[in-house]
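Computed from a predicted structure; not experimentally measured. Remember, it's 1-based here, ligands and their atoms both numbered in the order they're listed.
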Amino acid sequence: MYDLAIIGGGPGGYVAAERAGAAGLSVVLFEKNELGGVCLNEGCIPTKTLLYSAKVYDYAKHADQYGVSVEGASFDFGKTMKRKHKVIRKLVGGVKLGVKNAGVEIVKGEAVIKGRTVEGFGIECGEVLYIASDLLICTGSEAVVPPFPGLKEAGEVVVTNREILSLEEQPEELVIIGGGVIGMEFASFFNSIGTKVTVVEMLPKILGPMDREISDMLQGIYAKRGVEFCLSCKVTGIEGDTVIYEDPEGNVCRVRGDRILVSVGRRALLQGFGLEELGVELALNPAGRPFGIKVDDHMRTNIPGVYAAGDVTGFSMLAHTASREGEVAVNDILGHEDRMRYDAIPGVVYTNPEVAGVGLTEDEAQKKGVEYTLLKLPMAYSGRFVAENERGEGLCKILVAADSHKVLGVHMLGNPSSEMIHGACIAIEQEMTAEQLKEVVFPHPTVSEIIKETVSTIM
Ligand code: NAI
């Protein structure tokens with residue numbers, strides 16, 4: 001008998017397990033693959049490891065811009081893949097240790113919910129029945145692979161974010177279906193190492209909901225580097241190694257690749273672990289189709305004692321959201337006041353240059369009828385940025401409420417936006433005004449000063 005059973009050991013599940021264990025609850029954590037989930041094993045960490053190798057290679061190739069000569073720089077695909085495995089192994093080991101140190105019992109295997117007994121929730125794994133008073137579901141998500149005609153016949157040519165991370169050879173030509181976050185990060189990696197990349201995107205812009213002006217700038221940067229973008233293009237099928245799509249004029253076009261990456265989104269994993277046994281209510285999209293487990297801002301489902309956190313809730317599919325949601329669920333179980341807020345969840349795209357944003361974009365503000373003042377400066381207003389980014393393009397945009405001057409959104413293009421965006425998250429989370437943010441002392445010289453510079457342009 002346990003206080004809490006957690007299904008899924010990704011950033012939602014393992015963080016929740018650690019917190020709950022450290023707070024004195026008896027916790028059992030079920031994971032059928034490796035601890036760390038998609039993030040650690042086939043998502044955030046492996047891609048960032050590979051992207052860093054590509055960045056080092058980019059530095060080497062362009063070192064002469066900084067007065068350094070590097071001759072004969074080359075990229076060893078096999079070695080970078082090996083390093084990626086090593087990084088994953090190290091971090092998975094670290095997670096395991098952290099969870100064990102918190103006194104959590106880790107059960108490796110596929111857990112299936114058997115229903116509710118008088119004692120608690122029954123979960124079966126490896127023919128053993130575990131009973132727990134509370135249950136937290138963190139089963140995550142899987143890549144959406146639409147049933148394009150010819151996809152099955154294409155076999156191993158077609159890959160998702162999972163298989164592409166295990167390639168043994170660098171493709172010479174890569175077609176990416178979907179110019180979202182995953183698509184652009186892989187476009188960045190393969191473009192840097194010399195693969196010919198084509199991105200076929202259904203919408204008229206890349207990076208979905210991210211700031212339009214910044215997405216357009218990023219597209220321009222990669223177009224100059226040789227990535228081909230086919231926007232407003234609908235994929236109609238796959239023929240062997242060739243993607244067939246319809247361009248905006250209705251012409252049927254074809255583009256071939258040694259590999260075809262399908263990165264058109266992810267969906268919550270709702271089946272195969274007995275969720276239906278409990279009568280947990282699902283959240284429905286406007287078309288009436290379920291997209292995730294319905295939760296309130298304490299991560300409670302409609303069944304008392306059953307919680308859900310992470311991608312399985314079907315929105316904000318980000319590792320950092322999942323971890324925070326797991327914490328909120330555990331705090332509710334412990335009786336600590338806490339609640340989930342989504343206004344200040346940062347989004348980062350680890351291209352080179354990076355894109356990072358938090359809060360409202362201009363498009364969202366306009367759609368919601370929010371009146372805002374736009375403050376905007378090129379990154380070149382930061383001395384450090386100029387020192388470290390020869391010919392580098394970048395932009396910082398800050399939206400503040402027209403009446404109260406509260407910071408509503410911050411969007412940046414330029415390195416290292418991923419390491420600066422948390423400052424903006426704090427400003428939004430704490431409902432700071434532009435004037436208050438302006439008074440904060442930023443270290444000099446840092447690229448982060450661009451936030452202070454931009455917000456200081458307020459009249
Ligand atoms: P996404 O939703 O970011 O992008 C999918 C793109 O595919 C969209 O632009 C969509 O218009 C396009 N698309 C859909 N169907 C299409 C079709 N038939 N033909 C052409 N284009 C089509 O999804 P993505 O990139 O697969 O990422 C999945 C999830 O993983 C996201 O929720 C993202 O938040 C998360 N993620 C986050 C990362 C980060 O934080 N850096 C990195 C990687 C993934």
Which atom pairs, nitrogen or oxygen on both sides, join ligand 1 and the protein at under 3.5 angstrom?
from     : atom 1 : to     : atom 2 : distance (Å)
ligand 1 : 3 (O)  : Val181 : N      : 3.3
ligand 1 : 9 (O)  : Glu201 : OE1    : 2.7
ligand 1 : 9 (O)  : Glu201 : OE2    : 3.2
ligand 1 : 11 (O) : Glu201 : OE2    : 2.6
ligand 1 : 21 (N) : Met202 : N      : 3.2
ligand 1 : 23 (O) : Gly265 : N      : 3.4
ligand 1 : 25 (O) : Val181 : N      : 3.2
ligand 1 : 25 (O) : Ile182 : N      : 2.8
ligand 1 : 26 (O) : Gly265 : N      : 2.9
ligand 1 : 34 (O) : Met317 : O      : 3.4
ligand 1 : 41 (N) : Glu185 : OE2    : 3.0
ligand 1 : 41 (N) : Val348 : O      : 2.8

* Can we call the ring centroids of Phe315 and Tyr342 under 6.0 Å apart? ->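 Yes.
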* **side chain to side chain donor-acceptor pair (under 3.5 Å) against Tyr372, all qualifying residues, sequence neighbours excluded** =>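 Only Glu362, Gln366 meet the side chain to side chain donor-acceptor pair (under 3.5 Å) criterion with Tyr372.
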* Between Glu449 and Thr446, is there a donor-acceptor pair closer than 3.5 Å when you use the side chain of the first and the backbone of the second? -> yes
* Would you mind reporting whether Ser141 and Leu269 have side-chain heavy atoms less than 4.5 Å apart? => no
* Does a side-chain N-to-carboxylate-O contact under 4.0 Å join Arg256 and Glu239? -> no
* Asked: Less than 4.0 Å between a side-chain N and a carboxylate O, is that true for Lys61 and Asp58?
  -> yes
